[in-house]
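In this text the structure is predicted, and so the values were computed from the model without any measurement.
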Amino acid sequence: MREGARVRLDYSARSLWRVDRMIEEIRRERPPYAAVRSVLRGFGAYAGEVIVRQTGAEWWATGGEHWVRTPDGRLWDPIDEARRCYGGHGSLRLLCRDATAPA
């Protein structure tokens, strides 16, 4: 995704500003959800990996769903948060901020 969009993503929390903006741009074009589902999943997975790298968290999977578990035991769903961003009600940047903050 990042090569196709010519966007430099470096797994930093700051890079999630760009991802949030890209989701907002896609949302403004109003494509059907089915057309962007895999892209949103990729953005969510990217945000999850940012959290993993920032906190030492680990990925958890159950029944086809994927979460990130931070060392303090909290569970985060970055893939769902990407879907919420597309709906205009979420932010991967803020999710990362919350996940990296002390409990």
Suppose we screen for side-chain contact (heavy atoms from CB on, under 4.5 Å). Which residues come up paired with [X], at least two apart in sequence or across chains?
X: Glu49; result: Tyr11, Val52, Arg53, Trp59
X: Arg93; result: Leu16, Trp17, Asp20, Ser91
X: Arg30; result: none

Please report the shortest heavy-atom distance between Pro78 and Gly44, naming the atom on each side.
CB-O, 3.2 Å

State, to 0.1 Å, how close Ile79 and His66 come at their nearest heavy-atom pair, and which atoms those are.
CD1-CB, 4.1 Å

Can I get a per-line list of side-chain donor-acceptor pairs under 3.5 Å for residues 31-39, giving both atom names and the distance, sequence neighbours left out?
residue: Tyr33; atom: OH; partner: Arg83; partner atom: NE; Å: 3.2

If I take atom [atom1] from residue [X] and atom [atom2] from residue [Y], how far apart are they, to the nearest 0.5 angstrom?
X: Arg41; Y: Asp80; atom1: CZ; atom2: CG; value: 11.0 Å
X: Leu40; Y: Tyr86; atom1: CG; atom2: OH; value: 7.0 Å
X: Leu92; Y: Phe43; atom1: CG; atom2: CZ; value: 9.0 Å

Taking only Lys NZ, Arg NE, NH1 and NH2, and the carboxylate oxygens of Asp or Glu, determine whether Glu25 and Arg28 approach each other closer than 4.0 Å.
no

Can you name the salt bridge (Lys or Arg N to Asp or Glu O under 4.0 Å) partners of [X], sequence neighbours left out?
X: Arg27; answer: Glu24
X: Arg18; answer: none
X: Arg21; answer: none

Salt bridge (charged side-chain N to carboxylate O under 4.0 Å, His left out): pairs with one or both residues in residues 60-72, sequence neighbours excluded:
Asp72-Arg74

Side chains of Tyr46 and Ser15: does their closest heavy-atom pair fall under 4.5 Å?
yes

Flag side-chain contact, heavy atom, 4.5 Å: Thr70 against Ile51:
yes

Going only through I, L, V, M, F, W and Y residues with side-chain contacts under 4.5 Å, is there a path from Met22 to Val50?
yes

Please tabulate, one pair per line, all N/O donor-acceptor pairs under 3.5 Å involving side-chain atoms of residues 94-103, not counting sequence neighbours.
residue: Thr100; atom: OG1; partner: Cys96; partner atom: O; Å: 2.9
residue: Thr100; atom: OG1; partner: Arg97; partner atom: O; Å: 3.2

